[in-house]
Chemist: 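Quick one: the structure is below, and I'll ask about it shortly.
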Amino acid sequence: MHRQMGHLSKARAPLRFQGLDHTFNMGDRMRVAICDDEAVQQQILRKYLEEWAQIKGETLETAVFNSGESFLFAWEEDRDFDLLILDIELGRLSGMELAAKIRSQDERIPILFVTGYDKYMAQGYEVAALHYLMKPLRREKLFQVLDKVKRLEKNEEKLLFKTDRGPVSMPPSKIWYVEARAHQCVLYTEEEEYVLSSGIHEMAELLEHYREFVRCHRSYVVNVRHILAAVKSELVLDDKRRIPVSRSLEKTVKQAFMEMFKG
């Protein structure tokens, strides 16, 4: 796997987030994955991305991959990207095939296709592509897409939590479930877990404002978007993790699930 990481030295002005009953000042960053097998195109994309970040005062991090296979290998370990830039004309695994694999597991991440042929544009609807850019790449066109990505980011509120690792911010969509642990609770994402200073009742009150969350047990709050199935007295999540569901809350969970996915 060929992977390059690039960081800009100029930091973005700190953002202020409100989380539970604590407020912290935190910086932010934008992570972009480039999947292109042409070294020249990689250099152009990184150059334009860095220029945009400097103009906007953003902190930008890029990861560059030479093939769809190498990206998928890395993506299994790290899915925390804000934008994927895919060349359609890759090797054995095309950019369009790569996008389909990504979409089967992640419906939200913005995908930008870069291609020399407009014949692929119609296929982009099948993978909900954010945009197409034609080669040769024009800087102002890429800047417009990056501005759009930032607007989309701002539309999803970030929550900030006081954890055993320090303050951590994330959008609600990244939370899989929360579990009570004594007078604290543990927040689980797809890949991480954080011990919070808040109790389960406080977390339930916070998350009930988001329609994807439901109390499934006195000790659990779950994101229904990640429920794969209900088996007896348990909920099976997308990654096969299991959490309990109380008999008294089965109807509530089922209703929340149907409301989320009925249309």
Side-chain angles (χ1 to χ4, degrees), residues 1 3 31 33 35 63 65 68-82 84 93 97-111 126-128 156 158-159 161 163-165 168-182 184-196 198-201 203-204 206-208 210-263:
M1 179 189 73
R3 183 174 182 177
R31 299 190 73 217
C35 192
F65 304 90
E69 292 85 353
S70 64
F71 172 79
L72 285 177
F73 182 81
W75 194 60
E76 287 301 317
E77 300 295 328
D78 181 7
R79 302 189 179 186
D80 187 23
F81 290 104
D82 301 295
L84 305 183
L93 184 68
E97 292 169 332
L98 173 59
K101 289 181 179 293
I102 294 167
R103 275 289 174 260
S104 69
Q105 301 179 55
D106 190 329
E107 298 179 353
R108 294 172 179 263
I109 189 166
I111 296 176
E126 299 176 9
V127 293
E156 183 171 14
K158 285 188 177 180
L159 301 176
F161 305 99
T163 80
D164 57 331
R165 309 183 199 179
V168 173
S169 70
M170 70 183 70
S173 61
K174 287 196 174 182
I175 302 171
W176 281 50
Y177 66 97
V178 180
E179 175 189 9
R181 182 177 294 178
Q184 300 175 314
C185 58
V186 183
L187 183 154
Y188 295 86
T189 67
E190 183 176 13
E191 300 169 345
E192 302 284 348
E193 59 182 73
Y194 303 92
V195 178
L196 308 182
S198 306
I200 191 67
H201 296 297
M203 285 299 299
L206 173 70
L207 295 175
E208 70 180 5
Y210 303 91
R211 61 191 294 259
E212 60 262 46
F213 291 95
V214 64
R215 189 82 174 260
C216 63
H217 186 277
R218 66 180 182 180
S219 299
Y220 290 84
V221 178
V222 65
N223 185 335
V224 298
R225 291 187 182 276
H226 297 299
I227 297 175
L228 180 65
V231 180
K232 295 183 178 179
S233 60
E234 292 182 318
L235 298 176
V236 182
L237 305 185
D238 290 334
D239 62 354
K240 304 304 189 290
R241 277 183 285 186
R242 293 172 177 255
I243 61 175
V245 56
S246 301
R247 181 174 298 179
S248 61
L249 293 172
E250 286 179 356
K251 185 176 180 180
T252 301
V253 174
K254 182 179 180 180
Q255 182 178 352
F257 184 86
M258 293 178 65
E259 286 292 324
M260 180 60 61
F261 293 102
K262 69 180 181 179

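Quick note: numbers below take in every heavy atom, side chains included, and nothing from hydrogens, waters or symmetry partners. Keep in mind the model is a prediction, meaning the values are calculated, not measured. All residue numbers refer to positions in the sequence shown, counting from 1.
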Chemist: Checking Thr252 now: which residues fulfil side chain to side chain contact (heavy atoms under 4.5 Å, CB included) with it, not counting sequence neighbours?
Modeler: Val214, Leu249
Chemist: Answer yes or no: is there a side-chain heavy-atom contact under 4.5 Å between Pro244 and Tyr220?
Modeler: yes
Chemist: What residues form a side chain to side chain contact (heavy atoms under 4.5 Å, CB included) with Asp82, not counting sequence neighbours?
Modeler: Met30, Arg31, Glu153
Chemist: Looking at Glu76, I want to see if its CD is surrounded by more than 12 non-hydrogen atoms of other residues, nucleotides or ligands under 6.0 Å.
Modeler: yes
Chemist: Is there a donor-acceptor pair under 3.5 Å between the side chain of Arg241 and the backbone N or O of Leu235?
Modeler: no
Chemist: How far apart are the closest heavy atoms of Ile200 and Ser219, and which atoms are they?
Modeler: CD1-O, 3.9 Å
Chemist: Rounded at 0.5 Å granularity, tell me how far OG in Ser173 sits from CZ in Arg225.
Modeler: 8.0 Å
Chemist: Is the side chain of Arg215 donor-acceptor paired with the backbone N or O of Arg218 at a distance under 3.5 Å, no angle test?
Modeler: yes
Chemist: State, yes or no, whether a side-chain contact exists between Gln105 and Asp238 at a heavy-atom distance under 4.5 Å.
Modeler: no
Chemist: Decide yes or no on side chain to side chain contact (heavy atoms under 4.5 Å, CB included) for Asp239 and Trp176, but give the supporting numbers first.
Modeler: CA-CA 10 Å; Asp239 62 354; Trp176 281 50; 3.5 Å; yes
Chemist: Taking C-beta and beyond as the side chain, do Leu207 and Asn223 meet within less than 4.5 Å on heavy atoms?
Modeler: no
Chemist: If the condition is side chain to side chain contact (heavy atoms under 4.5 Å, CB included), which residues does Lys254 pass it with, not counting sequence neighbours?
Modeler: Met258
Chemist: For the atom pair CZ (Phe213) and CD1 (Ile175), what is the distance rounded to the nearest 0.5 Å?
Modeler: 4.5 Å
Chemist: Is any side-chain heavy atom of Leu196 closer than 4.5 Å to one of Met203?
Modeler: yes
Chemist: With side chain to side chain contact (heavy atoms under 4.5 Å, CB included) as the test, would you mind laying out the steps for Phe71 and Leu93 before giving the verdict?
Modeler: CA-CA 11 Å; Phe71 172 79; Leu93 184 68; over 6 Å; no
Chemist: Could you go through the side chain to side chain contact (heavy atoms under 4.5 Å, CB included) check for Leu84 and Leu98 one step at a time?
Modeler: CA-CA 11 Å; Leu84 305 183; Leu98 173 59; over 6 Å; no
Chemist: Roughly how far, to the nearest 0.5 Å, is the CG atom of Leu206 from the CG atom of Leu159?
Modeler: 5.5 Å
Chemist: Measuring from atom SG of Cys35 to atom CD of Glu69, what distance do you get when rounded to the nearest 0.5 angstrom?
Modeler: 8.5 Å
Chemist: Does Trp75 form a side chain to side chain contact (heavy atoms under 4.5 Å, CB included) with Phe65? I'd like the steps, not just the answer.
Modeler: CA-CA 11 Å; Trp75 194 60; Phe65 304 90; over 6 Å; no
Chemist: Once side chain to side chain contact (heavy atoms under 4.5 Å, CB included) is applied, do any residues pair with Lys240, and if so which ones, sequence neighbours excluded?
Modeler: Leu228, Val236
Chemist: Show me the donor-acceptor pairs within less than 3.5 Å that the side chains of residues 184-194 make with the rest of the protein, sequence neighbours left out.
Modeler:
unit_1 : atom_1 : unit_2 : atom_2 : d
Tyr188 : OH     : Glu179 : OE1    : 2.8
Thr189 : OG1    : Glu191 : N      : 3.4
Thr189 : OG1    : Glu192 : N      : 3.0
Thr189 : OG1    : Glu192 : O      : 3.3
Glu190 : OE2    : Arg79  : NH1    : 3.2
Glu192 : OE1    : Arg165 : NH1    : 3.2
Glu192 : OE1    : Arg165 : NH2    : 3.3

Chemist: Can you sort out the partners of Asp164 under side chain to side chain donor-acceptor pair (under 3.5 Å), two or more places apart, ordered by chain and number?
Modeler: none
